[in-house]
Amino acid sequence: MHQNLDSRIQTLLKQKNWPTLTKIQEMSFPSISNGNNTLIIAPTGYGKTEAAVLPLFNQMINEDVKPVAVLYITPLKALINDLSLRIDWWASKLGLIVNRKHGEVPQKEKNLRLKHAPHILVTTPEGLEIDLDWASKFRDFYKNVRWVIIDEVHELINSKRGSQLAILLERLKYFTGRDFQRIGLSATVSNENLVADFLFGSSDRKRSIIKLEGKRDFQIKVKKIDNGSWEDAASSLISSIEPPSLIFTNSRFSTERLHEELEKLGQKDVFVHHSSISRDLKDMVEEKLRKNQSNAVICTKTLELGIHIGEIKKVIMFRPPPSVSSFLQRLGRSGHSVSGTPNGEIISMFDFDVLESLALCEMAKKGKVEKPIVDNSLDVVARELLGHLLQNQETKLEDFYKIVTGARAFSNLGIKTFMRMIDCLEANGLLKKEGDVLKLGPNFFRVWRFNREYKTIWCKDFSEFFSLINNNDTFSLRFEGKVIGEIDAVYVYKHIRVNDVIRISGKLWKVTRINVNKMSLDVVPENSRKGEIPIWRGENISKSYMIAKGESIILKEGKIDKKILDDKAYSSIKELTDFYKEKEIPFPSNSTIVLEKRDEEWVYSAIIDERISNTIAHIMLYLTSKRYTLSTYARASIYGFSIKGSPIDLLQELKDYDEEKMKAVIKKAILRSSLFIATLKEIQPSFGRLGRKIDPERDKFIVNEALRQTLRKYFSVKGTISFLKSIREEKISIVTYGGETPIGDAVVSHVPIRPWLIDIVESIYEALKGGAYTSSELAEVLGIPLKSLENKLKQLKKMSDKYKISSFIDVDSKEVRWVLVDDFQNIVNSDDYFTSFTPSNLEETFIALLKSADRESQIELIFKPKDIIQNPEDIKRRIPFEDIGELRVIDMNEMSYSTPLKFYGVSRQVIAYILLNATTYIQSVKFS
DNA sequence: GACCTGCTGCGGTCTG
């Protein structure tokens, strides 16, 4: 027992039946009591929370502390609920008030805190954001904060959420005017000083890092099943399950699919847990785990960290996890107590799964974990500046600059960049600059709206201001008013119809109603039919460079740990290595590339950082789509890269680029990638730039920032340059092989990256210039499938502002031809198409029915071809709306039996020509 | 064919 502990706390320890403090609690006590900023590193289940809280209680009960004295921040709502109960057990007995705050805390409970201000407040980073920015009344209690505890720091450090929190802490310090003590709790990390820097920011306190080496002991078995067989996977799972087991997968789809197979095999009490299942159902599953009423739960990352889920006998990973840290987190979910040894198993589907599993074990045993990369995104800075202005109405420019640069993530933020950001925010009306004083601008509440009714596609609900987490649109599934789960909106539009049966949360549901406005599907349970598992589209989960490193070690040193492999796994890895030995080709590595050609696809296998593969793949895709064909794709992974459709070996060309040329090409390639477009879309609202139209000159700052973020996250310019340099200097050798290799298989098993649509738009525009073509002709010329081209043409016709296109009927061949609006007049006058715009009877009367693009207004025009030829401008004047959505032309004399000729998305500029074309066509059909 | 996380405060009015 710690001699410095107050007797009241000692009594409570006895009540809890804790004979001693745990080791980590003992270790951190002096440093926390001394007022040092302290980072505590230990695996889950070692009593980190009490390690942080007990020394604080010890001080609090002996001093007269004012609320809020302790701020406890943690990333999950479920953790808040858990922790506040756990802390309250001590606090209530010591006369201290605990309060929790997150989005699902009932309003009643939230209101309590103004009457009885808590000494300890447990909340999320977003909760703190809301309070500082917006809680005008409660905010004053924050002036008393003396201690801030940040839980699960390792979860936050890599993300925008983390840098948001880092700035918030600096804002809090500015607000309190006090250098409060900071305490961080973290799982094992590789670079603890970096984590400490991130956490302690501008604080001048002494720092200590208290670390309990987690045991690297674990039991692991690697199994292998037949390629891609879900049946095999399920029967293998059954033989592996030791109730209660956790089965981790890498996709929501796999959880549902495995559950389906297990059910077929008669398995009972197996449940599904992932982010698209409603909170209620997830709670139910967690409860089953805690009460030991389940044989197994199949889950995604949702159960990787966080709340206590009871004693797990065994952790099964269906296919290897994407990083060492996630491998350890997952493994750590079993043998949760201090003494237990984690017990786990990896089920491999492919031979490279076995290789990855071996690599994960190798790196984990050596204690190699991924290094965190601290996020320094400027949309976070912008958001924090606006929040600071919500709080203070105004701020001096240099004051806020000092606050931001106090956060370690932004200590390198130059004043020039900062000023460019200010200018951008001002240009978009989020800020007003008066001398060196900043105020909120007029557009702030246009971007973040209170009233949902006025919401347009681009503006955001006010509540979203406080969060930097980005989401796709989803439909919720409802049964009797209760939410079951969620499905991507795109998937609903494309695939779901009434009476379809969907499989989600391991159960079948029949769709009875699709409510597009409310974005919900009404469903009822269904038992008789087979259900379709929805596909949730997410971001590619990239594989850690640690896996690539581990694989290199294993292959170079021939270090295959037989003990952990089952027979099938061993023979699959043996076959893989034997292949290369027998064919006398070197194994792909970071110094050897094996090149093979599969049909039109150049496959380069190597074992390298995925970001290098991704960079090269994007450059090759850019060059191929620009020079040769749009019918192309590339692939990238830790197993190398590939390109389809290039007539030449592009790597030979790339290796001779100098650094400058390389950087320029990389930039062009990335600006066209969907990764960049998605990043741009994500950060736009933070800078107040609404709407689709991004102007590369006017919005230079935003474009550059999106580019920088995309580069940092998915690409490696430095790595690629040095990789190519090594090829040039022949430090990396390239071996060509005439057949198909196993690692080549791994390369082509990855999802193809296709050219971004913007390329297609430009190419269509280029191809159309000066001519009139049918869609099949265009598809042929551009090398894209006819269907995708036709879709694109229709879209273009509607949205076109830069690329205006139109179509007419070629009267001679009865085909539709596409043409640029700007070329229309020349086409009409050309010899080729002149006859398509020359009605045989100029005196005949026609009716044109026009609808506006928004379908709000509709008019009817009666005309003769003669009128149009004599005065083409007049017809334009007679149309009261700007955009014509639909045009129908009817022959007045034959109204009763002729079907009207329809045109969609007609540009006003060419309406006269289209009317002539329509009448010519109708007459030609009539007389033939 | 691909993970996860979060999301107004405050005071006033109305209803049973």
Side-chain angles (χ1 to χ4, degrees), chain A residues 73-80 101-105 107 110-115 123-141 151-152 154-156 158-162 164-165 228 248-255 257 273-277 279 282 299-307 317-319 321-323 325-326 329-330 383 387 390-391 445 448-452 460-472 488 490-491 533-544 610 633 635-637 674-675 678 714 749-754:
Chain A
I73 294 183
T74 184
L76 302 181
K77 288 183 286 198
L79 282 176
I80 294 178
K101 180 201 161 72
H102 62 68
E104 283 165 27
V105 173
Q107 196 58 46
K110 279 188 194 166
N111 293 342
L112 275 179
R113 67 181 195 165
L114 272 178
K115 285 186 194 144
T123 188
T124 58
E126 290 79 8
L128 174 58
E129 179 82 60
I130 291 165
D131 283 350
L132 279 188
D133 297 354
W134 195 240
S136 50
K137 195 109 188 198
F138 186 77
R139 184 158 60 208
D140 279 342
F141 289 110
D151 203 355
E152 312 278 356
H154 59 282
E155 269 304 302
L156 290 167
N158 276 320
S159 67
K160 287 191 183 182
R161 262 187 117 185
Q164 174 186 22
L165 178 59
F248 282 100
T249 74
N250 300 321
S251 74
R252 286 167 277 186
F253 180 88
S254 308
T255 59
R257 188 70 184 80
H273 193 288
H274 58 72
S275 68
S276 294
I277 289 174
R279 189 65 251 171
K282 278 189 278 189
C299 61
T300 55
K301 204 188 158 190
T302 33
L303 287 180
E304 206 173 283
L305 94 153
I307 52 142
M317 300 177 223
F318 173 70
R319 307 207 48 200
S323 66
S325 62
S326 121
Q329 286 272 356
R330 289 180 186 189
R383 205 69 82 86
L390 270 178
Q391 177 189 356
F445 288 110
W448 285 283
R449 291 218 183 241
F450 291 100
N451 193 338
R452 271 187 177 275
K460 302 247 175 190
D461 192 276
F462 183 61
S463 62
E464 287 177 78
F465 175 77
F466 308 109
S467 169
L468 281 150
I469 298 170
N470 198 35
N471 270 337
N472 291 334
D488 284 0
V490 177
Y491 187 83
I533 301 171
I535 291 167
W536 291 273
R537 270 195 60 166
E539 210 173 68
N540 170 37
I541 309 175
S542 60
K543 276 175 201 155
S544 143
E610 190 172 300
Y633 56 75
R635 304 182 207 254
S637 64
S674 56
L675 297 170
Y714 307 102
S749 76
H750 287 81
V751 181
I753 313 160
R754 297 181 189 279

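The basis for the numbers below is simple: all heavy atoms, side chains too, and nothing from hydrogens, waters or symmetry mates. Note on naming: letters A, B, ... go to the chains in the order of the sequence lines (proteins, then strands), and numbering restarts at 1 for each one.
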Nearest to the side chain of A:T124, which nucleotide is it out of B:dA2, B:dC4, B:dC7? B:dC7
What is the distance from CZ of A:R161 to C1' of B:dC4, rounded to the nearest Å? 9 Å
Output yes when a side-chain donor or acceptor of A:R383 lies under 3.5 Å from a complementary backbone atom of A:S467, and no otherwise. yes
Between CD of A:Q164 and P of B:dC7 the distance, given in whole Å, is 10 Å
Between B:dG1 (C1') and A:I535 (CD1): distance, integer Å: 7 Å
Partners of A:H154 by side-chain contact (heavy atoms from CB on, under 4.5 Å), sequence neighbours excluded? A:E152, A:S186, A:A187, A:V189, A:Q329
Residue set satisfying side-chain contact (heavy atoms from CB on, under 4.5 Å) with A:K101, at least two apart, ordered chain then number -> A:R113, A:L121, A:T123, A:I130, A:D131
Round to a whole Å and report the spacing from CD1 of A:I80 to P of B:dT5. 13 Å
Taking the nucleotide of DNA chain B with the nearest heavy atom to each, does A:G538 or A:E126 sit closer to the 5' end? A:G538
Between A:N158 (CG) and B:dT5 (P), how many Å, whole number? 17 Å
Please pick, from B:dC7, B:dA2, B:dT5, the nucleotide with the shortest atom-to-atom distance to any side-chain atom of A:F253. B:dA2
Would you please name every residue forming a salt bridge (Lys or Arg N to Asp or Glu O under 4.0 Å) with A:R252, sequence neighbours left out? none
Would you call the rings of A:W448 and A:F465 parallel, tilted or perpendicular, where under 30° means parallel and over 60° means perpendicular? perpendicular
Give the B/S/- string for nucleotides 9-16 of chain B, one per nucleotide from 5' to 3', where a protein heavy atom under 4.0 Å of the base yields B, of only the sugar-phosphate yields S, and otherwise -. SSS-----
For A:S275 and B:dC3, is the shortest distance between a side-chain N/O and OP1 or OP2 below 4.0 Å? no
Touch class at under 4.0 angstrom, heavy-atom based, for A:N250 against every strand present: sugar-phosphate
Euclidean distance, atom CZ of residue A:R279 to atom C1' of B:dC4 [Å, nearest integer]: 12 Å
Indicate, with a heavy-atom threshold strictly under 4.0 Å, whether A:E539 touches base, sugar-phosphate, or nothing. base
Would you classify A:I469 as touching base, sugar-phosphate or nothing, given that sugar-phosphate means primed atoms plus P, OP1 and OP2, and contacts are heavy atoms under 4.0 Å? base
Without decimals, in angstroms, what is the distance between A:R537 CZ and B:dC4 P? 16 Å
Evaluate the criterion side-chain hydrogen bond (donor to acceptor under 3.5 Å, both in side chains) for residue pair A:H273 and A:T302; output intermediate values, then yes/no. CA-CA 7 Å; A:H273 193 288; A:T302 33; 3.1 Å; yes
Give one of base, sugar-phosphate or nothing for A:H102, where a contact means two heavy atoms less than 4.0 Å apart. sugar-phosphate
Taking Watson-Crick (N1-N3 plus N6-O4 or O6-N4) and G-U wobble (N1-O2, O6-N3), each under 3.5 Å, can you produce the dot-bracket string of DNA chain B? Use [ ] for crossing pairs and | for inter-strand ones. ................
Would you please name every residue forming a side-chain contact (heavy atoms from CB on, under 4.5 Å) with A:R319, sequence neighbours left out? A:N250, A:M349, A:F350, A:F352, A:D353
Can you check the A:D488 CG to B:dA2 P distance for me, whole Å? 12 Å
Set of residues satisfying side-chain contact (heavy atoms from CB on, under 4.5 Å) with respect to A:I535, sequence neighbours excluded: A:F253, A:Y491
Closest nucleotide among B:dT5, B:dT8, B:dA2 to the A:F462 side chain: B:dT8
For B:dC4, does either OP1 or OP2 sit under 4.0 Å from a side-chain N or O belonging to A:R252? yes
Got a sec, which residues hit ring pair (Phe, Tyr, Trp, His ring centres under 6.0 Å) with A:F141, two or more places apart in sequence or on another chain? A:F138
Can you list the residues that meet the salt bridge (Lys or Arg N to Asp or Glu O under 4.0 Å) rule with A:K301, with sequence neighbours excluded? none
